[in-house]
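In what follows, a single structure is set out as structure tokens and then discussed.
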Amino acid sequence: MPSWQHITYSDEIAAEHAGSIVTVGGWVQEIRNLGGISFIQLRDRAGVVQVTVLKKKNPELFKEINSLQRESVITVKGVVKESKEAKKGYEIIPEEFRVLNAAASPLPLGVVDKVGADLDTRLNNRFLDLRKAEIRAIFQVRATTLAGIRRHLTDEGFVEVTTPKIVAAGAEGGSTLFPIKYFDKSAYLAQSPQLYKQNLMASGMDRIFEIAPAYRAEASDTVRHIAEFTSLDVEVAFIESSEDVMAVAEGIVHSSLNHVAEAARRELDILGVDLSSPETPYPRITYDEAIDLLRSNDMEIDHGEDLGTEGEKLLGDIMLKKRGSELYFITKFPTSLKRGTFYAKRDDEDPELTGYFDLDYRGQEIVSGGQREHRYDVLVEQMRENDLNLESFAFYLKAFKYGMPPHGGFGFGIERYVQKMLNLSNIREAVLYPRDRVRLIP
RNA sequence: GCCCCGGUAGUGUAGCGGCCUAUCAUCCGAGCCUGUCGAGCUCGGGACUCGGGUCCGAAUCCCGACCGGGGCGCCA
């Protein structure tokens with residue numbers, strides 16, 4: 001006789017269990033009571049198992065189990081019976097059951113209701129939303145993606161680091177910083193580990209990465225912006241050009257896509273997503289070529305202009321159609337468009353160009369980076385152009401005076417990556433508890 | 001920050017000046033049913049975001065508040 005504590009998951013029950021008693025447990029997903037026989041769909045982490053109850057066998061138990069509210073948590077001790085009618089090929093004939101926690105009614109969000117629910121309603125009741133296999137699958141894919149990225153980078157000799165999320169100054173414009181109180185000083189939530197990962201390039205740890213939250217107080221209310229997102233940041237020293245940085249980004253995407261396609265096959269199946277990485281190398285086009293492509297596709301855009309959302313989307317279509325790739329690099333962004341990126345190295349021949357690149361996935365930017373300016377004097381000059389207060393960057397600048405190798409890196413938006421991978425209409429779908437301009441709870 | 005759009009039962013919707021005692025589905029409750037798996041059938045339950053205004057009459061029109069959705073800019 002198994003104990004109440006030893007619960008067999010629905011996917012562990014096999015032919016060998018037939019005739020023996022097991023304990024199953026989980027949430028009462030559905031009760032189909034036909035009068036003399038009743039079917040309880042009991043859901044656990046692995047799936048759903050059917051508990052079949054006969055009235056004439058045990059009228060008392062029949063009555064009690066059928067009067068449960070949906071989504072109550074119960075454990076059932078019963079005999080595993082092979083059955084042609086049951087979907088799994090077996091069902092549980094209960095001997096006894098325990099109610100661990102009865103659910104109230106009505107549910108604020110149905111788990112298996114045959115009607116939709118707004119994202120807002122779902123997020124307000126995220127724990128219930130996550131009881132749906134197809135929602136949980138998103139986060140399993142996300143975890144698998146992160147595992148693939150970590151494995152790849154570790155194999156490539158990268159060291160995972162963690163840098164402060166409470167900082168004294170921002171890496172980019174000050175308007176997107178969340179101010180916080182820090183004892184008797186004022187501080188901010190880090191919008192990027194930019195300054196720290198560059199700082200580390202002077203440390204001898206010449207290949208590093210960090211996977212951590214980044215905070216942006218942008219007043220951006222779109223399906224691809226959130227105030228707190230997970231940023232994969234990579235920095236590599238002793239590079240020759242931005243091309244070396246692109247190669248790292250490409251390696252991460254390629255290997256993690258393949259890893260997910262393999263290791264998350266079940267979840268992709270649930271989500272109806274067919275995933276694969278395009279052949280490497282991914283196409284690379286320059287910013288100027290991108291503008292020309294857009295213009296030849298009847299978009300009104302001039303050289304020197306930002307691609308804009310419309311341009312990015314159109315370019316995604318064009319690259320898929322003409323180059324057969326959902327992933328592609330846009331390289332050599334003009335300096336005028338990266339003006340705020342004071343640490344970007346400019347082209348030696350043409351200072352109006354940077355070596356900065358974006359990696360776009362299905363018409364949306366997921367990675368942005370390039371070679372940094374590692375020469376102290378030039379860096380200071382570029383910071384002055386941006387009217388930056390050099391004193392508040394003292395710790396950052398110091399590292400450039402005592403042996404800073406050439407280096408580069410990028411920021412990689414994990415949720416955007418998952419969003420595009422799974423064709424999610426809103427980035428919030430890829431975050432358990434998203435933070436945006438208005439949402440702070442749950 | 002700018003520009004659109006919307007808020008009707010627990011959930012999702014229809015209705016857009018009087019046919020509203022508000023539609024449909026889902027859900028909940030009662031009943032029938034021994035193989036359901038989008039179970040079926042019968043009966044029942046439950047809602048117009050809030051505050052002003054217009055009008056003989058407001059879910060419906062106007063103003064404001066609150067809440068939400070989408071787009072742009074910007075970005076990961």
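Proteins get letters first, then strands, A, B, ... in listed order; numbering begins at 1 in each.
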Next item on the list: May I ask you to evaluate whether A/Gln194 reaches the phosphate of B/A76, defined as a side-chain N or O under 4.0 Å from OP1 or OP2?
Entry: no

Next item on the list: Could you check whether the rings of A/Tyr287 and A/His303 sit parallel, tilted or perpendicular, using 30° and 60° as the cut-offs?
Entry: perpendicular

Next item on the list: Kindly indicate whether the side chain of A/Gln194, heavy atoms from C-beta on, has any atom under 4.5 Å from the side chain of A/Arg372.
Entry: yes

Notebook entry, point to check: Hey, does the side chain of A/Thr309 come within less than 4.0 Å of B/G73's phosphate (OP1/OP2), counting only N and O?
Noted result: yes

Item checked: Whole-Å C1' distance, B/A58 and B/G17 -> 6 Å

Checklist line | Residue mapping more 5' on RNA chain B - nearest nucleotide basis, A/Leu123 or A/Phe39 | finding: A/Phe39

Next item on the list: Between B/G7 and B/A59, how far apart are the C1' atoms? Round to whole Å, please.
Entry: 11 Å

Check: Once you round it to whole Å, what is the distance between P of B/G40 and CD1 of A/Ile31?
Finding: 16 Å

Check: Of the candidate nucleotides B/U36, B/A76, B/C72, which contains the atom at the shortest distance from the side chain of A/Glu218?
Finding: B/A76

Note to self: According to a cutoff of under 5.5 Å between the ring centres and under 30° between the ring planes, does A/Phe412 stack with the base of B/A76?
What the structure shows: no

Next item on the list: Determine the Euclidean distance between corresponding C1' atoms of B/C61 and B/G15; express it in Å to zero decimal places.
Entry: 16 Å

Next item on the list: Give, ordered by number, those residues of residues 359-369 of chain A having at least one heavy-atom distance below 4.0 Å to an atom of RNA chain B; if nothing qualifies, reply none.
Entry: A/Glu365, A/Ile366, A/Val367, A/Ser368

Item checked: Spacing of A/Ile291 atom CD1 and A/Ile301 atom CD1 [to the nearest 0.5 Å] -> 4.0 Å

Item checked: Distance flag, aromatic centroids of A/Tyr361 and A/Tyr282, threshold under 6.0 Å -> no

Check: In whole Å, what separates the P atom of B/U34 from that of B/U26?
Finding: 23 Å

Notebook entry, point to check: Does A/Arg45 make a cation-pi contact with A/Tyr9 (under 6.0 Å, within 45 degrees of the axis)?
Noted result: yes

Notebook entry, point to check: With a cut-off of under 6.0 Å to the ring centre and 45° to the axis, is A/Lys338 in cation-pi contact with A/Tyr356?
Noted result: no

Notebook entry, point to check: About how many Å separate CD1 of A/Ile149 and OG of A/Ser255, when rounded to the nearest 0.5 Å?
Noted result: 8.0 Å

Margin query: Checking contacts here: which listed nucleotide (B/G1, B/G35, B/C75) is nearest the side-chain heavy atoms of A/Thr52?
Written below: B/G35

Note to self: Nearest to the side chain of A/Asn426, heavy atoms from C-beta on, is which of B/G29, B/C37, B/G70?
What the structure shows: B/G70

Next item on the list: Kindly determine whether A/Ser256 and A/Tyr417 satisfy side chain to side chain donor-acceptor pair (under 3.5 Å), including the steps that lead there.
Entry: CA-CA 11 Å; A/Ser256 60; A/Tyr417 185 38; 2.7 Å; yes

Margin query: Distance check needed: B/C72 P versus A/Ile301 CD1, whole Å only.
Written below: 13 Å

Next item on the list: Kindly indicate whether the side chain of A/Lys56 and the base of B/U34 share any N or O donor-acceptor pair separated by less than 3.5 Å?
Entry: yes

Check: Do the side-chain N or O atoms of A/Arg32 get closer than 4.0 angstrom to the phosphate oxygens (OP1, OP2) of B/A39?
Finding: yes

Note to self: Side chains of A/Gln382 and A/Tyr343, heavy atoms from C-beta outward: is any pair under 4.5 Å?
What the structure shows: no

Measure all distances between protein nitrogen or oxygen atoms and nitrogen or oxygen atoms of nucleotides 9-12 of chain B, and list the pairs falling under 3.5 Å.
| unit_1 | atom_1 | unit_2 | atom_2 | d |
| --- | --- | --- | --- | --- |
| B/G10 | O2' | A/Leu107 | O | 2.9 |
| B/G10 | O2' | A/Pro108 | O | 3.4 |
| B/G10 | N2 | A/Asp113 | OD2 | 3.0 |
| B/U11 | O2' | A/Gly116 | O | 3.0 |
| B/G12 | OP1 | A/Asp118 | N | 2.7 |
| B/G12 | OP1 | A/Thr121 | OG1 | 2.6 |
| B/G12 | O4' | A/Gly116 | O | 3.3 |

Note to self: Counting only side-chain heavy atoms from C-beta out, which of B/C72, B/C28, B/U36 sits nearest to A/Lys313?
What the structure shows: B/C72

Next item on the list: Between B/G73 and B/G38, how far apart are the P atoms? Round to whole Å, please.
Entry: 45 Å

Check: If the P atom of B/G52 is compared with that of B/G46, how far apart are they to the nearest Å?
Finding: 26 Å

Note to self: Please report the distance, rounded to the nearest Å, between CD1 in A/Ile92 and C1' in B/G35.
What the structure shows: 16 Å

Note to self: Measuring from the side chain of A/Arg224 (C-beta onward, heavy atoms only), which nucleotide among B/C74, B/G38, B/U36 has the closest atom?
What the structure shows: B/C74

Check: Between B/U34, B/C72, B/A76, which nucleotide gets closest to the side-chain atoms of A/Thr222?
Finding: B/C72

Next item on the list: Begin from the C-alpha positions of A/Arg122 and A/Glu429 and carry the test salt bridge (Lys or Arg N to Asp or Glu O under 4.0 Å) through to its verdict.
Entry: CA-CA 10 Å; A/Arg122 290 173 41 214; A/Glu429 297 270 9; 2.8 Å; yes

Next item on the list: Take atom CZ of A/Phe62 and atom P of B/C32, then tell me their distance rounded to the nearest Å.
Entry: 11 Å

Margin query: Please report the distance separating the C1' of B/C41 from the corresponding atom of B/C4, rounded so that it comes out in whole Å.
Written below: 47 Å

Checklist line | Stems formed with participation of RNA chain B [Watson-Crick or G-U wobble, under 3.5 Å, three or more pairs] | finding: B:1-7 with B:66-72, B:10-12 with B:24-26, B:27-32 with B:40-45, B:49-53 with B:61-65

Notebook entry, point to check: When the distance from NE2 of A/His225 to C1' of B/C72 is rounded to whole Å, what number comes out?
Noted result: 11 Å

Check: Atom CG of A/Asp233 and atom C1' of B/C75: how far apart are they, to the nearest Å?
Finding: 14 Å

Next item on the list: With salt bridge (Lys or Arg N to Asp or Glu O under 4.0 Å) as the test, would you mind laying out the steps for A/Asp129 and A/Lys132 before giving the verdict?
Entry: CA-CA 6 Å; A/Asp129 190 43; A/Lys132 304 169 196 164; 2.9 Å; yes

Next item on the list: Show your working on salt bridge (Lys or Arg N to Asp or Glu O under 4.0 Å) between A/Asp155 and A/Arg150 and close with a plain yes or no.
Entry: CA-CA 8 Å; A/Asp155 287 351; A/Arg150 280 204 167 89; over 6 Å; no

Check: B/U26 C1' sits how many Å from A/Glu30 CD, rounded?
Finding: 12 Å

Notebook entry, point to check: OP1 or OP2 of B/G35 less than 4.0 angstrom from a side-chain nitrogen or oxygen of A/Lys84, does that happen here?
Noted result: no

Next item on the list: Measure the distance from NZ on A/Lys81 to P on B/G35 and round it to the nearest whole Å.
Entry: 12 Å

Check: What is the ring orientation for A/Phe410 with A/Phe412, classed by angle as parallel under 30°, tilted 30 to 60°, or perpendicular over 60°?
Finding: tilted

Next item on the list: Indicate whether any N or O donor in one side chain lies under 3.5 Å from an N or O acceptor in the other, for A/Gln41 and A/Gln50.
Entry: yes

Item checked: Nearest-Å distance once atom C1' is located in both B/C20 and B/C48 -> 10 Å

Margin query: Taking the minimum atom-to-atom distance to the side chain of A/Asn33, which one of B/G73, B/A39, B/C33 wins?
Written below: B/C33

